[in-house]
J.: 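What follows is a structure written as structure tokens; I'll ask about it next.
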Amino acid sequence: MTDIFIAGGRTLIDGAFVETSLRTAGRDIGALDAEQGRAALHIDAGGLLVLPGIIDLHGDAFERQMMPRPGVDFPIDVALIDSDRQAIANGITTVYHGTTWSWEPGLRSAENARKLLDAIEALRPQLAADTRFHLRHETHNLAAEAEIIRWLSEGRIDLFAFNDHSNVKPKKRNQSAERAGLSLEAFNELIDQVVARRPEVPASIARLAAAAREANVRMLSHDDNTPAMRQEFRALGATIAEFPVNEETARDAAAAGDFIVFGAPNVVRGGSHTGWTRASDMIAKGLCSVLASDYYYPAQLLAAFRLAGDGILPLAKAWDLISAAPARAAGLDNRGVLAAGRRADIILVDDQVPLRPRIVAVIAAGRLVHLADASCLVHSLAPRKTVAAA
């Protein structure tokens, strides 16, 4: 582990940008407004932003590395290693892989969920991002209940979400059948079998929620479509509302102090690809507290700058949505801000081109894991003092 000295950047500290220096000490931030000291690696951040690493609570873009085309599979370890490179290159230093365990065969099958969990646990020491397991449980997947409860008790699940995609619209059934590796006829038969067991689902949800509470695992509910639905999940301990589909439901979540997650691609693209809630409107109304990468790793970085560029939030506030707030939602009290003693997850960003921030360097747990411009590495730097940034 090499201590790193970073000087001259516009550094986000306590909600404001100041020009200062900082030094890492092992895996953590050693000091702010630091002297050069004995750090072995020196980085000149002049002209750059120095920001806390991005935390992604919900990302499933790794599925494209697993199955880049329908029916075309690649080994899970290869997919995870490539996804790690993509996440780090986009400033994501803590990533929760949103793994869907569905009643479907194929990409979201029981077999793949088990393999993904095993692979994440095996590869974790060699991955640059702090890689965690976010299990997205399809509530009609009743056969999975006992195994999930065991995983929860064993501490193998880091976030646990309740999903229900049993109401597959006819126009999407071809796509879903293709992903599952079934004919349309076979997929329709499977849907009928799944829906027939719907009366058993509420009791299963209650048992799983009790197991998650016992294991102290944070819970999310996905695509809540009414305040009543949000209230039901909140009563079970799911205090994170993930992608509420309308403003009424988001308002109920906000009034109760729930964390509210929307997808960063929604902000970057100017709206939801499903035609549901527009995330930037929710943010402007104070109805969104976290932005996740969802299905596109570059989106969190781009969304923060888009919000600032559109005048919806200043950049410091926008950055909270992708760093400090997701840390709070996940119960990670050792990261999300730049402060002495916190985990040294730091990214350096060139913001010269409007709406097109460029990642120059990424430090994860005190290690330089990505460097796009070696010219910022220097042999020695004169100590600098903190001054207000322009």
J.: Does the distance from a Lys or Arg side-chain N to an Asp or Glu carboxylate O, for Asp258 and Arg230, drop under 4.0 Å?
T.: yes
J.: Distance from Ile191 atom CD1 to Leu182 atom CG, nearest 0.5 Å?
T.: 10.0 Å
J.: Any chance you could lay out the side-chain contact (heavy atoms from CB on, under 4.5 Å) test for Val349 and Leu48, step after step, and finish with the verdict?
T.: CA-CA 6 Å; Val349 177; Leu48 303 176; over 6 Å; no
J.: If you look at every heavy atom in Asp28 and Arg343, which pair is closest and at what distance?
T.: OD1-CA, 3.6 Å
J.: Do Asp351 and Arg10 sit within salt-bridge range, that is, some charged N less than 4.0 Å from a carboxylate O?
T.: yes
J.: Check whether any side-chain heavy atom of Trp101 lies under 4.5 Å from a side-chain heavy atom of Glu111, and answer yes or no.
T.: no
J.: Measure the spacing between CG of Leu291 and CD1 of Ile322 and express it to the nearest 0.5 Å.
T.: 7.5 Å
J.: So, the side chain of Thr139 versus the backbone of Asn163: is there a donor-acceptor pair under 3.5 Å, distance only?
T.: yes
J.: So, for Phe133 and Tyr96, is the gap between ring centers shorter than 6.0 Å?
T.: no
J.: Can you tell me how far apart CD1 (Ile205) and NE2 (His140) are? Round to the nearest 0.5 Å.
T.: 8.0 Å
J.: Identify the two heavy atoms, one from Leu116 and one from Leu80, that lie closest to each other, and give their separation to 0.1 Å.
T.: CD2-CD2, 4.0 Å
J.: Could you check whether any side-chain heavy atom of Thr94 comes within less than 4.5 Å of a side-chain heavy atom of Asp345, counting everything from C-beta outward?
T.: yes
J.: Please check if the number of heavy atoms outside Gln352 that lie under 6.0 Å from its CD is greater than 12.
T.: no
J.: Kindly give the heavy-atom pair with the smallest separation between Gly26 and Asp3, and that separation in Å.
T.: N-OD1, 3.0 Å
J.: Can you confirm whether Glu147 is buried at CD, in the sense that more than 12 heavy atoms of other residues, nucleotides or ligands lie under 6.0 Å from that atom?
T.: yes
J.: Is it the case that atom CG in Asp192 sees more than 12 heavy atoms from other parts of the structure closer than 6.0 Å?
T.: yes
J.: Can you check whether Leu12's main-chain N or O pairs, donor with acceptor, with Trp319's side chain at less than 3.5 Å?
T.: no
J.: Does any non-hydrogen side-chain atom of Leu159 lie less than 4.5 Å from one of Val217?
T.: no
J.: Thr24 and side-chain contact (heavy atoms from CB on, under 4.5 Å): which partner among Ile4, Leu41, Leu368?
T.: Ile4
J.: Keeping the roles fixed (side chain from Asp44, backbone from Gly46), state whether a donor-acceptor pair exists under 3.5 Å.
T.: yes
J.: Does atom CZ of Phe259 have more than 12 heavy-atom neighbours from other groups under 6.0 Å away?
T.: yes
J.: Is it the case that the side chain of Thr131 and the backbone of Ala129 share a donor-acceptor pair, with hydrogens and angles ignored and the cut-off at 3.5 Å?
T.: yes
J.: Find out if a path of hydrophobic residues (ILVMFWY) with successive side-chain heavy-atom gaps under 4.5 Å connects Ile6 to Leu377.
T.: yes
J.: When rounded to the nearest 0.5 angstrom, what is the spacing between CD1 in Ile148 and NE2 in His137?
T.: 4.5 Å
J.: Pairing donors with acceptors under 3.5 angstrom, does anything connect the side chains of Thr239 and Arg234?
T.: no
J.: Is a salt bridge present between Asp281 and Lys285, judged by a nitrogen-to-oxygen distance below 4.0 Å?
T.: no
J.: Between Asp33 and Arg23, is there a side-chain N and carboxylate O pair less than 4.0 Å apart?
T.: no
J.: Any Lys/Arg nitrogen of Arg197 or Glu200 sitting under 4.0 Å from an Asp/Glu carboxylate oxygen of the other?
T.: yes
J.: So, Ser323 side chain and Asp320 main chain: donor-acceptor pair closer than 3.5 Å or not?
T.: no
J.: Could you please spell out the steps behind the side-chain contact (heavy atoms from CB on, under 4.5 Å) verdict for Leu348 and Ile346?
T.: CA-CA 7 Å; Leu348 277 62; Ile346 306 162; 4.1 Å; yes
J.: Could you tell me if the side chain of Pro244 sits less than 4.5 Å from the side chain of Thr277, heavy atoms only?
T.: no
J.: For the side chain of Asn266 and the backbone of Ala279, is there at least one donor-acceptor N/O pair under 3.5 Å apart?
T.: yes
J.: Any luck finding a side-chain donor-acceptor pair between Asp252 and Thr249 under 3.5 Å?
T.: no
J.: So do Leu302 and Pro357 actually touch side chain to side chain, heavy atoms under 4.5 Å?
T.: yes
J.: Could you walk me through whether Trp103 and Leu142 satisfy the side-chain contact (heavy atoms from CB on, under 4.5 Å) test, starting with their C-alpha distance in whole Å, then the side-chain angles of each, then the deciding distance to 0.1 Å, before giving a yes or no?
T.: CA-CA 8 Å; Trp103 36 263; Leu142 299 168; over 6 Å; no
J.: Looking at Glu138 and Arg108, does any basic side-chain N land under 4.0 Å from a carboxylate oxygen?
T.: no
J.: If you look at every heavy atom in Cys288 and Leu321, which pair is closest and at what distance?
T.: O-CD2, 3.7 Å
J.: Mind checking whether His222 and His58 have parallel, tilted or perpendicular rings, split at 30° and 60°?
T.: parallel
J.: Side-chain heavy atoms under 4.5 angstrom apart, residues restricted to Ile, Leu, Val, Met, Phe, Trp, Tyr: same cluster for Val337 and Leu32?
T.: no
J.: Closer than 4.0 angstrom, basic N to acidic O: yes or no for Asp130 and Arg124?
T.: no
J.: Which value, rounded to the nearest 0.5 Å, describes the distance between Ser176 atom OG and Glu104 atom CD?
T.: 6.0 Å
J.: Say whether Leu107 and Leu117 are linked into one hydrophobic cluster, either directly or through other cluster members, by side-chain heavy-atom distances under 4.5 angstrom.
T.: yes
J.: So do Ile55 and Arg335 actually touch side chain to side chain, heavy atoms under 4.5 Å?
T.: yes
J.: Which atom names give the shortest non-hydrogen contact between Cys376 and Val360, and what distance separates them?
T.: SG-CG1, 4.2 Å
J.: Hey, mind stepping through Phe305 and Leu49 against side-chain contact (heavy atoms from CB on, under 4.5 Å) and telling me if it holds?
T.: CA-CA 12 Å; Phe305 283 85; Leu49 294 170; 3.8 Å; yes
J.: Verify the neighbour count for atom CZ of Arg213: are there more than 12 heavy atoms of other residues, nucleotides or ligands below 6.0 Å?
T.: yes
J.: Search all heavy atoms of Asn90 against all heavy atoms of Ile54 and return the closest pair with its distance.
T.: O-CD1, 3.6 Å
J.: Between Thr99 (side chain only) and Ala113 (backbone N and O only), is there a donor and an acceptor less than 3.5 Å apart?
T.: no
J.: Any salt bridge (Lys or Arg N to Asp or Glu O under 4.0 Å) pairs touching residues 84-101, not counting sequence neighbours?
T.: none
J.: Say whether, by atom type as modelled, one donor and one acceptor occur between the side chain of Gln86 and the main chain of Tyr297 under 3.5 angstrom.
T.: no
J.: Is the shortest side-chain heavy-atom distance between Leu220 and Phe160 below 4.5 Å?
T.: no
J.: Can any side-chain N or O of Asp158 pair as donor or acceptor with the backbone N or O of Arg132 at less than 3.5 Å?
T.: no
J.: Which value, rounded to the nearest 0.5 Å, describes the distance between Ile363 atom CD1 and His370 atom NE2?
T.: 12.0 Å
J.: Give a yes or no on whether Tyr296 and Val290 share a hydrophobic cluster (residues Ile, Leu, Val, Met, Phe, Trp, Tyr; joining criterion: side-chain heavy atoms under 4.5 Å apart).
T.: no
J.: For residues Phe262 and Ile240: do they belong to one hydrophobic cluster (side chain heavy atoms under 4.5 Å, members Ile, Leu, Val, Met, Phe, Trp, Tyr)?
T.: no
J.: Using side-chain heavy atoms (C-beta onward) and a distance below 4.5 Å, is Arg173 in contact with Leu184?
T.: yes
J.: With no hydrogens and no angle check, is any side-chain donor or acceptor of Asp56 less than 3.5 Å from a backbone partner on Ser293?
T.: yes
